[in-house]
Each structure stands twice: as C-alpha cells, then as structure tokens.
Amino acid sequence: MVLGARTDDTESVRTNDKEEEGERAVSQVAAMMAMAERMVRHASTVKVTLGGAEQSIRVRVGVSSGAVHSAMVGIKTSAFSVFGPAVREAAMAAQRGVAG
C-alpha cells in the first residue's frame, strides 16, 4: 500500500522564507503520520474469519518522502502504479515494521 499526500499547487510554490518552508514540511509529515495511524487503527476494527477463528486485520505502513513517478500500466487490464526511490523506501520500512 502506498500512502501519499499532495498539496495543492499554491502550497507547492517555493518561497525565500526557509522557516515557512520548514514549517510546511513538518505540517505535511505530521498529516501523513496521522493518516497512517488512522489507517492502522481502522484496520484493527475490521474482522475476518481465518481457519474458523475471527481475527482483526493487522497492517504495516511505511512512510517515505521524495520524488515519484506514476502511470497507468497494462494493456488488457490497466492499473495505476507509482514508482520511484521513495516508494521502495516506504515498502522496505513497511516490510521491516511490526504489524499493529
């Protein structure tokens, strides 16, 4: 699962005020982490039956930042995909994390 956020174009304009850019970056990271936490909490409320026993879903979420590329991939059955180093880093973080 890829977790991402995009600001609107007015927020992505660079300014000469480094403090303002830093505050915006911290705010975006906080929003992404809050979304990841909500996803984990919500997933735990979903119940599935496996092997006759009801269990909660446990997920792992990896978060990274950086440039990515996206595209529709496939001819017969197309799907939206996201590629790039940030996606690989987030996937590695999720794989090494503890499900909760």
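Here the structure is a predicted model, which means the values were calculated and not measured. Sequential numbering from 1 along the given sequence is applied to the chain's residues.
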Non-hydrogen side-chain atoms of Ser56 and Lys47 separated by less than 4.5 Å | yes

When rounded to the nearest 0.5 Å, the distance separating OG of Ser64 from CZ of Arg88 is 10.5 Å

Within the distance-only criterion (no hydrogens, no angle test), does the side chain of Thr45 pair as donor or acceptor with the backbone N or O of His42 below 3.5 angstrom?
yes

| Is there side-chain contact between Phe83 and Ser70, with at least one heavy-atom pair below 4.5 Å? | no

Tightest non-hydrogen contact, residues Arg60 and Gly97, listed as CD-O, 3.2 Å

Quiz item: Is Val26 reachable from Met32 through a run of hydrophobic residues whose side-chain heavy atoms are each under 4.5 Å from the next?
Solution: no

| request: Answer with yes or no whether the hydrophobic clustering places Met92 together with Val61; edges join I, L, V, M, F, W, Y residues whose side-chain heavy atoms lie under 4.5 Å apart. | output: no

Side chain proximity check, Val63 to Met33, heavy atoms < 4.5 angstrom:
yes

Here the gap from Thr49 atom OG1 to Glu54 atom CD, rounded to the nearest 0.5 Å, amounts to 5.5 Å

Of all heavy-atom pairs linking Ala94 and Gly62, the shortest is CB-N, 3.5 Å

